[in-house]
Amino acid sequence: AWNLVAVALPPVNADGGWPAGLAAGQRVVDELDGAPALIIGSPEFKKTTAVDYPMTILGDPPVAPSSSAGATRVVVLCDQLFEEVVEAACQGPAEEARLAEVGIVAGPLLDRFEAAPGRWISIYEVAGR
């Protein structure tokens, strides 16, 4: 209890917190320009709420995994903390391996950026859609 009173907390989490998440969501929404998108994480157990929640708040929610056949874009969140687990590095290899795992053939890379330290977002067109 003493620390709560005596130690000042930073106004935002070190990873950027909600402001960074909202900015990343806005960048994804802008890039998608209304195209239906599926969001997946690398590795498989990586939660995607850091992007799908801000996208939903911004009025452009991702498609549900059960209806992914209608997605023309795919957004992949990659966490560098797990590169050893997936045996591939973020910024290309890990994302492409994850797409192959879920059976999506990636088209051109539309955007890739670091949303928070060590957390990369890659946006691809889905080939043939």
Side-chain angles (χ1 to χ4, degrees):
W2 172 254
N3 285 344
L4 292 175
V5 175
V7 179
L9 295 174
V12 176
N13 193 353
D15 70 359
W18 172 245
L22 185 59
Q26 184 66 61
R27 183 164 172 177
V28 171
V29 166
D30 291 346
E31 180 63 49
L32 295 174
D33 195 29
L38 175 67
I39 301 181
I40 60 174
S42 176
E44 178 182 1
F45 56 81
K46 177 70 178 166
K47 295 196 182 290
T48 60
T49 52
V51 172
D52 59 27
Y53 180 69
M55 287 176 62
T56 301
I57 293 296
L58 292 165
D60 194 5
V63 301
S66 60
S67 62
S68 65
T72 60
R73 307 283 188 274
V74 62
V75 179
V76 185
L77 280 67
C78 189
D79 191 331
Q80 286 179 324
L81 291 174
F82 301 109
E83 287 179 338
E84 198 171 310
V85 172
V86 298
E87 299 177 341
C90 291
Q91 302 183 57
E95 292 90 338
E96 291 167 15
R98 183 70 180 118
L99 289 169
E101 285 176 10
V102 297
I104 295 175
V105 178
L109 175 68
L110 302 174
D111 193 10
R112 177 175 290 136
F113 62 97
E114 191 173 27
R119 287 157 185 99
W120 291 88
I121 295 176
S122 300
I123 306 169
Y124 296 88
E125 282 188 19
V126 177
R129 294 191 194 164

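Computed from a predicted model, the values in this text were never measured in an experiment.
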Fill in: Sole candidate of L38, I39, V28 that passes side chain to side chain contact (heavy atoms under 4.5 Å, CB included) when paired with P62
I39
Discussion item. Go through it in stages, so that I can follow the logic: the residues are R98 and E95, the test is salt bridge (Lys or Arg N to Asp or Glu O under 4.0 Å), and I'd like the CA-CA distance, side-chain angles, deciding distance and then a yes or no.
Written reply: CA-CA 5 Å; R98 183 70 180 118; E95 292 90 338; over 6 Å; no
Item to complete: Take L110 and E125, measure what side chain to side chain contact (heavy atoms under 4.5 Å, CB included) needs, and give me the verdict at the end.
Response: CA-CA 7 Å; L110 302 174; E125 282 188 19; 3.7 Å; yes
Fill in: CA sep, side-chain torsions, deciding dist, call: V76, L99, side chain to side chain contact (heavy atoms under 4.5 Å, CB included)
CA-CA 8 Å; V76 185; L99 289 169; 3.9 Å; yes
Worksheet item: Roughly how far, to the nearest 0.5 Å, is CZ of R73 from CG of L32?
Response: 7.0 Å
Discussion item. For L58 and Q26: C-alpha separation, side-chain torsions, deciding distance, then whether side chain to side chain contact (heavy atoms under 4.5 Å, CB included) applies.
Written reply: CA-CA 7 Å; L58 292 165; Q26 184 66 61; 3.4 Å; yes
Worksheet item: Hey, does E44 have a side-chain heavy atom less than 4.5 Å from the side chain of F82?
Response: no
Fill in: Flag side-chain contact, heavy atom, 4.5 Å: S42 against L77
no
Worksheet item: Per the salt bridge (Lys or Arg N to Asp or Glu O under 4.0 Å) rule, which among D60, D111, D33 passes with R27?
Response: D111
Fill in: Step-by-step side chain to side chain contact (heavy atoms under 4.5 Å, CB included) determination, Q91 to E83
CA-CA 11 Å; Q91 302 183 57; E83 287 179 338; over 6 Å; no
Worksheet entry | K46 side, atom NZ; R119 side, atom CZ - distance, nearest 0.5 Å | 5.5 Å
Worksheet entry | Validation row: P61, M55 side chains within 4.5 angstrom (heavy atoms) | no
Discussion item. Treating E114 as the side-chain partner and G118 as the backbone partner, does any N or O pair qualify as donor plus acceptor under 3.5 Å?
Written reply: yes
